[in-house]
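Only heavy atoms go into these numbers, but all of them, side chains included; no hydrogens, no water, no symmetry mates. Just so it is clear: chains get the letters A, B, ... in the order the sequence lines come, proteins before strands, and each one is counted from 1.
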Amino acid sequence: MNSLWSRLEPLLPRVQKPARYIGCEDGAQQPEHGPGKVAWLLAYPDTYEVGLPNQGLQILYEIINERDDAVAERAYLPWTDLIAEMRRVGLPLFSVDNHLAASAFDIVAFNLSSELVYTNVLESLDLAGVPLRSENRDERHPVVGAGGHAVFNPEPMADFIDFFVIGDGEEVVAEITEVVGEWLRIGRPTGSRHEMLRRLACVPGVYVPAMYDVEYDGADLVGVYPRYPEIPEVVEKRTVADLADWPYPRNQLVPMTEVVHDRLNVEVFRGCTRGCRFCQAGMITRPVRERPLDQVRTMVSEGLARTGYDEVALTSLSTADFSGIEDVVGGTIDDPLNCGRVTISLPSLRVDAFTVGLAAKIGSARRTGLTFAPEAGTWRMRQIINKMITEEDLLATVESAYASGWSRMKLYFLTGLPSEMDEDTEGIAELARRVVQIGLEHTRKASVTVSLGGFVPKAHTPFQWFGQNGPEELQRKINLARNVVRGEKRVKIKWHDPHASLAEGITSRGDRRLGAVIERVWRAGGVFQEWSEHFDIRFWQDAMEAEGLSIDWYVTRHREETEVLPWDHIGAGLHRDFLWQDWTDALAGFGVPDCRWTPCYDCGACTEFGIEHIVASPVPPAGGSQGTGQGIPGIDAVPVSIGRPEGGFR
Amino acid sequence: MIRFRVRFDKHGKIRFTSHRDMARIWERAIRRVGLPVAYTEGFTPRPRISFGLALPTGYASDGEYLDIGMDESVVGADGTVSGTGVASETSIDLIQMKEQLSRALPVGMNVQAIEMIEGRPGSLQEEVVICTWRFEIRELGDIEARGAVADVLAADRLMVTRQRKGRETTEDIRPAVLSLAVKGKGDTGVILEADLAAKPRLVRPSELMAFLAPDHELGPVTRTHQWIEQDGAPREPIPGPATPAPRAQRRAS
């Protein structure tokens, strides 16, 4: 295989930030390809700056390269300026490690973390010279795979992807390597691709859409059925039982140019059982699996020494919940080797006093901004989404943050939530105003930035039946919130484009018919749709119309309990009746406690797979009301009601 | 604070990193080696590292410079540095420091020499007055190149227009062209060498292209030397492995 570097090099002086295309990271590998080795290309369908830090991709990169029978390289989608240059001179998509053509790999596997990157996958395949549609590929072409959170509803991308990996990838890459490796060993005879895919479809956690027929009754989906007896009816997700077995990445990539999250990242646990009902990540990654404290300590100290970074992020869906959090934070701050110069970032913080104490410990010098995510403006609404933070807790938290020297709060909220009323939306701005008033008692510089996102219901969540708010309704709600604090310069409201939420909504709960829509959007020039400068809702509206599909039917329509959902043949471990129960509990305003510290309510995630939470601490972390049930009057009596709410929902 | 001046090169793929990227690369390399670098005071302490004249993104170099400040308490009278970081319990001399830094830097970057600087010298950005460049013009013949060079050297003025703070300004760069000559054949065209003034601003080889060969592409560019002035004569901040005798002639024409 020939390096494309000599053809790429003359193009680089013509493009912005050429260092994105050189590879050369610390930790990068230049594996030797050869017979008997399955060559994986791990492709991120977004720019290098966004894709490089992706931990999932880096973990698989190391695991695959440690195998004797496989190699892995990485590719990212070049920015539009380089794409134009590449198309001009006929240069294909390349890996950044050995600068090899993407089509020279045996497997091209995409990381799909959100829906708006789907057209970028088509751009990558086209740039690679690989046929877009699975049905048009033969033995000469790579096997195209995809994984990541978005594939828990794989159907919109089913036309383009040969196999999806549902859930954790650490173990399953070995089994996929073996199936594809066997295919290579027999020399990929003509017509054998289908047989290989059929074998792949029997690997647990692997979904091969070509092995399933989709049946419709008019517009309605009847079901997705396996075409062969040995193919599973439901593809259950893969779950790594114990993170201690997977201390990856061992050699985190250190890029030569600026990227997002440019720091050491150490995953402290996977999964979350706070039970926030809007949160797909929290639902599909259960149960909670903590990394042993000692391993976290080692990964932090060795990682800092190896990379030279002066910042480490302890990552998870709610890092303050890590039972060893104080140990790690204290140990890292006090480590003489770090000379007091290491910063610790804790993404996804809870809203409580414990968090402020923790933040005070790590942010010794710069106390400018602190971020919290109450997600909803009123207690009523927070009960519905199961983000059980009382008003008192929230205000006490910001009070202690301002008192500890912070002056700027950033608050994340969702709007367009189920049963949200105008009082709830206005409550967001009123809450922000109250936060500023508290701040002004401590500092004249007190300010609040509210970040308002339009809620997009996701597969495998209790809100998967909810009809999303349309763009006009979302914009109306955004304006409601803005009107409350109009003229108040200390409260700033930022919001997400409601039309982008609409496009995300089309794909997030779409079925296989969306493939033609995604292809039309791409053919019309709709790439980098997750970048506001490139997003255009008209691409999506035109494509839906051309395919005779109704946006309202896919996005704003409420689903019935009995409706077949396009992802019913994908198993995230959660019982469908648990999700429906949680949905009806939501509408009744009932909360659900965190099952790490309270009795199991049988969502299915543990029992289905014979695994359990791995949590070092038998008691919930101190000081938090959020989801733990502590300090909320009446929460002990969380009702386990069987009934359905009367009158349905709005 | 005691200052050390480092000379290093930058070749291959890594040359596509920017000046800002270089700062981060160096900060990480210094932390990995555990050099007891001094930090600035204040709210956001930064390591005391100062870089020389920015090298345009994509250009290679045989001689780049940076100054590193270290706490006096860790520098012995003989110039040895005792580290408090990764190199604790030991002391490292300049040769070791050179090797350790080279190992911590990405492929394509090597430390060529380190010197302790006496007193308080001026900053590299202010002191470098001339840069020598070697550059290739793609698909240009030797004879055409010699003609173009003669024309440029014979010109009274070389007017260039460029964007500066959002406004177009026009200036004459002829005074900045101190020497210019054809040096032979390269991989894809002809190789030229030029001494270009770095004051009042750094003039780049790409700016000469409009006068030398407007229809051709600029190929690989290498900054081969940077010159400071000492007692009226040009001298490199630290002599490199193969530095020619300093030029006596300031302007070739």
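Counting heavy-atom neighbours within 6.0 Å of B:R3 CZ, excluding the residue itself, gives a total above 12. Annotation for B:E41: atom CD does not count as buried by contact number, only 12 or fewer foreign heavy atoms lying within 6.0 Å. Crowding of A:E533 atom CD: a count of heavy atoms from other residues, nucleotides or ligands under 6.0 Å exceeding 12. Counting heavy atoms of neighbouring residues, nucleotides and ligands inside a 6.0 Å radius, atom NE2 of A:H261 does not exceed 12 of them. By the neighbour-count criterion of 12 heavy atoms within 6.0 Å, atom CD of B:E139 is sparsely surrounded, having that number or fewer from other residues, nucleotides or ligands.
Along residues 81-88 of chain A, no residue comes nearer than 4.5 angstrom to chain B, judged on non-hydrogen atoms. Within residues 14-25 of chain B, the residues having any heavy atom under 4.5 Å from a heavy atom of chain A are, by residue number, B:I14, B:R15, B:F16, B:T17, B:R20, B:D21, B:R24, B:I25.
Note that B:R31 lies outside the cation-pi zone of A:Y309, set by a 6.0 Å cut-off to the ring centre and a 45° limit from the axis.
In this structure, the separation between NE2 on A:H99 and NZ on B:K13 is 5.0 Å, given to the nearest 0.5 Å. B:T57 OG1 to A:Q16 CD: the interatomic distance, rounded to the nearest 0.5 Å, is 11.5 Å.
Contact of A:D262 with chain B is made through the side chain alone, with heavy-atom distances under 4.5 Å. Neither the backbone nor the side chain of A:R20 comes within contact range of chain B; no heavy atom of the residue lies under 4.5 Å from a heavy atom of that chain. Residue A:E25: no heavy atom, backbone or side chain, is found under 4.5 Å from chain B.
Closest approach of B:R32 and A:A305 over heavy atoms only: CG-O, 3.6 Å.
Options A:C24, A:P255, A:P18 differ in how many heavy-atom pairs under 4.5 Å they form with chain B, and the most are formed by A:P18.
With a 4.5 Å cut-off on side-chain heavy atoms, A:P13 and B:E217 do not count as touching.
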Next item on the list: In sequence, state the C-alpha distance, the side-chain angles, and the governing distance for B:M109 and A:M256, and then conclude on side-chain contact (heavy atoms from CB on, under 4.5 Å).
Entry: CA-CA 12 Å; B:M109 284 173 65; A:M256 294 297 117; over 6 Å; no
